[in-house]
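Numbers restart at 1 for each chain; the letters A, B, ... are given by sequence-line order, proteins then strands.
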Amino acid sequence: MLERGAESAKRGAADLLLRGQRIERLLRHGKQLAIVGDGGGVLCVQLGMTGRVVVRSEAPRGEPHVHARWELLGPRGERKVMTFADPRRFGGLTALASSTVLSARWAELGPDAATVETAHLMQALKETRRAVKAALLDQNLVAGIGNIYADEALFRAGITPRVLAHRLRPRQVERLAAAVREVLAAAIASGGSSLRDYVDANGQQGGYQTLHLVYGREGEPCHTCGTRLRGTRLGGRQTVWCPCCQSARDT
DNA sequence: GGCAGCCTGGTT
DNA sequence: AACCAGGCTGCC
């Protein structure tokens, strides 16, 4: 139950919409979360880079960068506090009037990356002339891949980040789709990648950052072949790959 | 299709 | 003091 809403003037609409409603369910599509109230209201959450939503019995005093706070009542009447904190302010909260509006919003995104079908990726990549990494990062093409997991998936698929998406061979796309699903499943199983800010709703850090094979490892030896990993800038993002294990051609 | 710019804390 | 990180929007 969302009992009382938060202080943020800018994002005030979000809590007003859900005030007094019982949380009916939590949804996720790609990197977006949604809290659906039983009165029809929906709060859509995007964490951006540094956003975090944490539910605790008590919020620490003076916690920095808290942009919204909600008081919750648990099933046995216990009081909880949910906070949205976001130091870099790339995240956001959006109040939606109904789950129909939410569906329309999410329909503009590509299918969820964690379960993306090979056939979808095949079709989508065929239709764009961008570098494959830029395509993977496009949420309208497939939803849920950020910079870390794009690099990690491309490494596992043995595909160089700059190869043009429409030039990929079917078996490369097949490997890529499998790699995307596997990387995300592994990362989720490890609780995500906590490089600096990320914690889950219980405040727990993830452990997948220790399992990154290429991201953040420019200049270090490839775990597979020992070659120095190379770094470049692609689509405005730091990009790391192994020049030996990742090739443009299908081999 | 590419990329500047938003934003702030941490690093150089 | 300058630079870097990056999800996403909007401009070229």
Side-chain angles (χ1 to χ4, degrees), chain A residues 8-11 14 28-34 43-53 60 62-68 83-96 102 104-114 116 124-155 160-168 180 183-184 187-188 192-200 205-206 208-210 212 214-220 229-241 248:
Chain A
S8 167
K10 257 171 90 175
R11 313 182 197 239
R28 181 193 65 80
H29 186 84
K31 304 178 197 174
Q32 299 194 22
L33 316 172
L43 175 64
C44 195
V45 182
Q46 290 177 270
L47 297 180
M49 263 184 73
T50 57
R52 50 168 74 176
V53 172
E63 184 183 11
H65 309 299
V66 172
H67 303 301
T83 53
F84 173 68
D86 183 17
R88 220 161 288 181
R89 296 169 172 268
F90 275 21
L93 303 173
T94 313
L96 303 174
L102 179 71
R105 183 187 170 96
W106 283 1
E108 292 174 16
L109 299 173
D112 188 84
V116 65
L125 293 181
K126 203 192 300 178
E127 291 171 357
T128 180
R129 302 176 65 80
R130 286 175 297 178
V132 60
K133 178 174 177 182
L136 287 181
L137 291 173
D138 184 345
Q139 303 300 298
N140 295 325
L141 208 151
V142 53
I145 304 173
N147 197 40
I148 295 173
Y149 300 119
D151 278 7
E152 293 297 314
L154 286 165
F155 174 77
T160 196
R162 274 194 199 281
V163 69
L164 298 185
H166 72 286
R167 304 284 286 267
L168 289 174
V180 165
V183 159
L184 290 176
I188 289 167
S193 300
S194 292
L195 294 170
R196 222 174 245 126
D197 304 87
Y198 175 73
V199 294
D200 69 15
Q205 295 196 334
Y208 197 70
Q209 65 281 1
T210 66
H212 293 167
V214 287
Y215 179 85
R217 298 194 63 241
E218 175 181 355
E220 294 177 36
L229 297 177
R230 292 185 57 187
T232 187
R233 206 80 190 158
L234 198 162
R237 302 289 169 261
Q238 180 61 21
T239 298
V240 183
W241 84 103

F84(A) and H67(A) aromatic ring geometry - parallel, tilted or perpendicular at 30°/60° bounds: tilted

Mind calculating the distance between NZ (K133(A)) and P (dG2(B)) to the nearest angstrom? 13 Å

Less than 3.5 Å apart, any donor N or O on the side chain of Q238(A) or E218(A) sitting next to an acceptor on the other? yes

Minimum side-chain heavy-atom gap L141(A)-R130(A) below 4.5 Å: yes

Per nearest nucleotide of DNA chain B, the residue lying toward the 5' end, L234(A) or P87(A), is L234(A)

Reading nucleotides 2-12 of chain C 5' to 3', which nucleotides get B (base under 4.0 Å from a protein heavy atom), which S (sugar-phosphate only), which -? ---BBBB----

For L164(A), check side chain to side chain contact (heavy atoms under 4.5 Å, CB included) against everything at least two apart and list the hits. H166(A), R167(A)

Would you tell me if any nitrogen or oxygen in the side chain of H65(A) comes within less than 4.0 Å of OP1 or OP2 on dG9(B)? yes

Going by distance alone, is a donor N or O of one side chain under 3.5 Å from an acceptor N or O of the other, for R162(A) and T160(A)? no

Just checking T128(A): base, sugar-phosphate only, or nothing, at a heavy-atom cut-off of under 4.0 Å? sugar-phosphate

If the threshold is 4.0 Å, N to carboxylate O, is there a salt bridge linking R28(A) and D112(A)? yes

